[in-house]
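This report concerns only the one structure given below.
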Number of protein chains: 2
Amino acid sequence: MSETSGQGGARKQGDSIAHRVPDLGALELLLAVARLGSLGAAARELGITQPAASSRIRAMERRLGLALVDRSPRGSRLTDTGALVTDWARRVVEAAEAFDAGTQALRDRRDSRLRVAASMTIAEYLLPGWLLALRAQRPDTAVSLLAGNSASVAERLVTGEADLGFVEGLDVPPGLDSAVVAHDRLIVVTAPGHPWARRRHALAAGELATTPLILREKGSGTRQVLDAALGGLARPLIELSSTTAVKAAAVGGAGPAVLSELALGEELAMRRLVSIPVEGVRLRRELRAVWPTGHRPAGPARDLLSLTRGPSPTTPPANR
Amino acid sequence: MSETSGQGGARKQGDSIAHRVPDLGALELLLAVARLGSLGAAARELGITQPAASSRIRAMERRLGLALVDRSPRGSRLTDTGALVTDWARRVVEAAEAFDAGTQALRDRRDSRLRVAASMTIAEYLLPGWLLALRAQRPDTAVSLLAGNSASVAERLVTGEADLGFVEGLDVPPGLDSAVVAHDRLIVVTAPGHPWARRRHALAAGELATTPLILREKGSGTRQVLDAALGGLARPLIELSSTTAVKAAAVGGAGPAVLSELALGEELAMRRLVSIPVEGVRLRRELRAVWPTGHRPAGPARDLLSLTRGPSPTTPPANR
DNA sequence: TCTCGCTCATAAGCCCACCTTATGCCCCCA
DNA sequence: TGGGGGCATAAGGTGGGCTTATGAGCGAGA
């Protein structure tokens, strides 16, 4: 085993995961085998021949060093480890499907039946999921996506370039009607080594306002909400133009940052960042669907809108 | 373009996403370009040549029909759409990293410095993330994973086959000490079309107990908790042996199901399932780390254990 | 009991995707 | 005014994954 030498010597950063993880086609094939209970049936579904599927699954087992499938003359079932691996594979494929839905919407600028304009945070974290759900319900709805800030979303709606918008700011741009589709909280985070991470009591609003923070640029929805909550006082330590850049700086230990909880799922779970409780500030904000006043969403826009209502009143925020 | 014909005719289910989504290597390369600001630098990091990187990025742009990178004689920066696409790509790569961490732990049975035994739900949903975090902190810790039910976890600990265990049952197996590492809730779900999905009031415990449900097999941690909460009365409509099978049956409309919230993130967000409020039952359960009485975790086991303590007291459940 | 139909495996051959090396052009800075 | 970043193009090799063709195990029905 272990064709790649230097296994014990701690990954020297080369050997990207692409060499250790089967490609998406193989993972998809594995899911099909799990669902259909037969290599041949899975092959048929994916439009390849049975020997191709057989060899591909075998190659995957060899690469992983794990027996995934129990073959028998009456079909194939997953082994126990195969079931576990398949569950992990499903996550990868689902992320790929979201990627596909998102890029497809970005691409289809023209001749789409539904043109959506969304602010960055929503486009990044929520829209791909919504688009997948919409595709599941109305497979023939072609959707196009324009991402920008709140102002550009509003402009695109009033000029008729978009049918439905999503914004995350504090106030609804003039000329638009809106409906709340989700809630979001801003969270103060630091690297685990930061002194704030060891505090025993919540941070006071005043302290937050007087401490230089890693922030999104002025004008971003996130910054807008924070400034309003603190009374326009947020002091920037650095200003960065993307959520990702802010996260990276915070993980690197540059200082405390303020970010949407939507952006922080993974980082908090893996303790790359820790959340700092704050009291005396309202960092909750609403994510809204918007449309030109009077033009109530109809057709595809209405379908999408009806998908975005919170899953259920009693369900937790269901971030991610 | 579009070598594969039948592009316009609405996806006929063939044409798997693997054909529409760049492979993991390309996505990883895109992330490196985003981080390093140069195709050549990204190529170097991944151990390929600059022309290879250049052509691969170009091929990806062509396939997606999107301009992702702004090339200049002084380096390359992401375009706006490129930044968005990169964020989506990061999800795919992170899922692949979790897959890698998980399969690697399954493979390395022998000669591992830390041998973990975990119940299925925890192995499926939480462990890969913990393993990634551990790898980030202690890169040279080789971990092996054994997945099974609570009883087998306990057995492996007392026989010395495993150093640290994770269980989800109600009670700690005898002979083991434990610490709570996370909480979990069981949620009643149905397909959106089910009558329960239109209820205006919470379901009474009695009604839940008398309705046939899609359930995991007797003996699973999930079933155990539900039986206890209802007083041993849960009536099975079907019994299935995996969380995934239960989900699939529920999505298909077979009836109401009871599942861990850990398993339901995606399905609830995309409204393939809706959660049904229930009152008068305590469906919360604790996920615990366990080890042989007296043998307090030390070394790598302690490192892993310290990672699994909830991110922070004020953070919401942060379900995956 | 034979045979058909399903399953999976193996072998031989083709082809494309991706890599490499070898260039060239552009721009900035010392 | 070179040198050293950056990127693109061209030509050539190689391997992974596909196909077709075939064989072998097992079960159900005639």
Side-chain angles (χ1 to χ4, degrees), chain A residues 3-4 14-65 67-79 82 89, chain B residues 1-5 14-65 67-79 82:
Chain A
E3 303 188 26
T4 57
D15 264 337
S16 51
I17 60 161
H19 299 155
R20 293 189 309 234
V21 176
D23 60 283
L24 289 170
L27 297 182
E28 216 177 351
L29 176 60
L30 179 63
L31 295 187
V33 171
R35 183 157 36 83
L36 300 172
S38 143
L39 294 186
R44 250 170 279 133
E45 180 172 271
L46 297 190
I48 62 178
T49 61
Q50 172 266 319
S54 180
S55 115
R56 207 158 182 191
I57 293 281
R58 186 168 298 279
M60 176 161 50
E61 288 179 310
R62 191 158 24 85
R63 166 179 297 182
L64 295 178
L68 304 177
V69 171
D70 254 346
R71 291 126 173 112
S72 90
R74 302 201 335 246
S76 294
R77 287 182 45 76
L78 295 179
T79 61
Chain B
M1 315 305 114
S2 87
E3 304 187 22
T4 56
S5 60
D15 265 336
S16 52
I17 60 159
H19 299 155
R20 294 190 307 237
V21 177
D23 61 286
L24 289 170
L27 297 182
E28 217 178 349
L29 176 61
L30 179 63
L31 295 187
V33 171
R35 184 157 35 83
L36 299 172
S38 140
L39 294 186
R44 249 169 281 135
E45 180 171 273
L46 298 190
I48 61 176
T49 59
Q50 172 266 318
S54 180
S55 114
R56 207 159 180 189
I57 293 281
R58 186 169 297 280
M60 176 160 52
E61 288 180 308
R62 190 154 27 83
R63 166 181 297 182
L64 295 178
L68 304 177
V69 171
D70 255 347
R71 293 130 173 107
S72 89
R74 303 204 330 247
S76 293
R77 286 181 46 76
L78 295 178
T79 60

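First the proteins, then the strands, lettered A, B, ... as listed; each starts at 1.
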For B/Arg62 and C/dC18, give me the distance from atom CZ to atom C1', rounded to whole Å. 12 Å
Could you check A/Ala59 against A/Pro73 and say which one's nearest nucleotide on DNA chain D is further toward the 5' end? A/Ala59
Reported CG-to-CD1 distance for the pair A/Leu29 and A/Ile57, which is rounded to 0.5 angstrom: 4.0 Å
Respond yes when some side-chain nitrogen or oxygen of A/Ser54 is under 4.0 Å from OP1 or OP2 of C/dA9, and no when none is. yes
What is the distance, rounded to the nearest whole Å, between atom CD1 of A/Ile57 and atom P of D/dG16? 17 Å
At less than 4.0 Å, is any side-chain N or O atom of A/Ser38 found next to OP1 or OP2 of C/dC8? Yes or no. yes
Please give, in whole Å, the distance from C/dA9 C1' to A/Glu61 CD? 13 Å
Could you please name the option among D/dC7, C/dC19, D/dT19 that lies closest to any side-chain atom of B/Leu39? D/dC7
Can you tell me if CZ on A/Arg71 sees more than 12 non-hydrogen neighbours from other groups inside 6.0 Å? yes
In this structure, CZ of A/Arg44 is separated from OG of A/Ser38 (nearest 0.5 Å) by 6.0 Å
Measuring from A/Leu39:CG to A/Gln50:CD, what's the distance to the nearest 0.5 Å? 7.0 Å
Side-chain N or O of A/Arg56 closer than 4.0 Å to phosphate OP1/OP2 of D/dC18: yes
Which one, C/dT20, D/dC18, D/dG25, comes nearest to the side chain of A/Ala52? D/dC18
Using the side-chain heavy atoms of A/Arg58, tell me which of these nucleotides is nearest: D/dC18, D/dT9, C/dT10. C/dT10
Under 4.0 angstrom between B/Thr49 side-chain N/O and C/dT20 OP1 or OP2: yes
Under 4.0 angstrom between A/Arg74 side-chain N/O and C/dC6 OP1 or OP2: no
Just the rounded figure in Å: distance from P of C/dT20 to CG of B/Leu46. 11 Å
Atom pair distance, as rounded to whole Å: CD in B/Gln50 and P in C/dC18: 17 Å
If you check every side-chain atom of B/Arg44, which of C/dT20, C/dA9, D/dG6 has the closest atom? D/dG6
What contact category does B/Asp23 fall into here, base, sugar-phosphate, or nothing, at under 4.0 angstrom with non-hydrogen atoms? sugar-phosphate
From the list C/dT20, D/dC7, D/dT19, which nucleotide is the closest neighbour of the side chain of B/Ser76? D/dC7
Under 4.0 Å, heavy atoms only, any strand: does A/Ser55 hit a base, just the sugar-phosphate, or nothing? nothing
Separation of A/Ile48 atom CD1 from D/dG16 atom P, in whole Å? 17 Å
Taken to the nearest whole Å, CZ/B/Arg63 to P/C/dA17 is 9 Å
Whole-Å gap separating C1' (D/dG6) and CG (B/Asp70): 14 Å
Using a cut-off of 6.0 Å, state whether more than 12 heavy atoms not belonging to B/Arg63 lie near its atom CZ. yes
Which value, rounded to the nearest 0.5 Å, describes the distance between A/Ser16 atom OG and B/Ile48 atom CD1? 8.5 Å
